[in-house]
J.: 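First the structure, which I've put down as structure tokens, then a few questions once you've had a look.
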Amino acid sequence: MSNAPPLRLGVNVDHVATLRNARGGRRPDPVRAAQVAIEAGADGITAHLREDRRHIRDEDMARLKAEISKPLNFEMAATADMLRISLLTRPHAVCLVPERREELTTEGGLDVVGQHNVLAPFIAKLNDAGVRVSLFIAAEPRQIEMAAQLRAPVIEIHTGAWCDAVVEGHKDKAEAEWQRIVAGAKLARSASLEVHAGHGLDYATAETIAALPDIVELNIGYYMIGEAIFVGLSETVRTMRAAMDRGRARA
Ligand code: PXP
């Protein structure tokens, strides 16, 4: 048995809302998806209220907070409006992410070095409100050190570049990105940050990264919602959980 701390699975339900919004109306309901995911073994639910409300809407976030039995991780850009909504919602956690309207998904990490003046008051207000703040960053030493200086308790390492390289079969790039993640997770732990990871993970990459004992939470959405089309969401969550458990046993 491994002595690594438990690894939590946060299921991101954004793309259930994407599907709902394709036709307007109420179905499929992201809150129902969250409940099904929790019943199947998710430790928490993540949802991203984007400024353009392209998937999750304000009402979804309020209902998730009211209706789910596990912690809610509220992803958002660092804007005054989002700060106001998150303080009203009082989620368990807020994950601050960069956001550009034209992007298809969150393409890179937050530049906490360049934006430390903007982020500092956000982090302080959320810390004061008892909301656990996480900064979504690339596994770069400068960014990690600044996150610790800003007194964010958590970072989430952006795994997108690694996952893309693995899926596309770019071995050298995948190895370089993996080594960055390994070193970044270690550095962050040594700075007393709690370390999460996410973006682009599938069963195989989740199993691999689960073996890093410095990481205690994975947030996964797009792949799982896609798989759920074929085998159902409960089965997808159980399969992901099993992949993570196999990886963790090697930690
Ligand atoms: N973590 C963060 C901070 C994200 O922004 C996203 C994407 O919304 C994810 C995790 C999940 O990424 P994916 O949907 O690719 O699994």
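Start at 1 and go down the list; that is how both ligands and their atoms are numbered. Here the structure is a predicted model, which is why all the values come from computation and not from measurement.
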J.: Given V13, I56, I225, N219, which has its nearest heavy atom closest to atom 11 (C) of ligand 1?
T.: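 Checking each option, the heavy atom nearest atom 11 (C) of ligand 1 is found in N219.
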J.: Give a yes-or-no answer on whether the side chains of H158 and E156 include a donor-acceptor pair shorter than 3.5 Å.
T.: no
J.: Do we see a donor-acceptor contact under 3.5 Å between the side chains of N21 and R57?
T.: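 N21 vs R57: donor-acceptor pair found between side chains.
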J.: Has the side chain of E177 got a donor or acceptor atom that lies under 3.5 Å from a matching backbone atom of D172?
T.: no
J.: Could you tell me which atoms of ligand 1, counted from 1 in the order shown, lie closer than 4.0 angstrom to a heavy atom of N12?
T.: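 Close to N12: 8 (O).
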J.: Please tell me whether T46 and N12 have a donor and an acceptor in their side chains that are separated by less than 3.5 angstrom.
T.: no
J.: Pick one of side chain, backbone, both or neither for how Y222 approaches ligand 1, counting any non-hydrogen atom pair under 4.0 Å.
T.: both
J.: Would one find an N or O of G221, backbone or side chain, under 3.5 Å from an N or O of ligand 1?
T.: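 Yes.
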J.: Would one find an N or O of G200, backbone or side chain, under 3.5 Å from an N or O of ligand 1?
T.: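 Yes: some nitrogen or oxygen of G200 is under 3.5 Å from one in ligand 1.
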J.: Can you find a side-chain donor-acceptor pair between Q179 and E175 that sits under 3.5 Å?
T.: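 Indeed, the side chains of Q179 and E175 share at least one donor-acceptor pair under 3.5 Å.
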J.: Does an N or O from E75, backbone or side chain, lie closer than 3.5 Å to an N or O of ligand 1?
T.: yes
J.: Establish, from distance only, whether the side-chain atoms of E217 and N219 form a donor-acceptor pair under 3.5 Å.
T.: yes
J.: Need the ligand 1 atom indices (1-based, order shown) with element for anything under 4.0 Å from a heavy-atom of V97.
T.: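 That gives atoms 3 (C) of ligand 1.
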J.: Does ligand 1 have an atom that lies less than 4.0 angstrom from a heavy atom of F136?
T.: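 Yes; F136 lies near enough to ligand 1 that a heavy-atom distance drops under 4.0 Å.
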J.: Should you measure from each heavy atom of E156, which atoms of ligand 1 turn up under 4.0 Å away?
T.: 1 (N), 2 (C), 3 (C), 10 (C)
J.: Distance only, no hydrogens: is a donor on one side chain within 3.5 Å (strictly under) of an acceptor on the other, for E99 and H48?
T.: yes
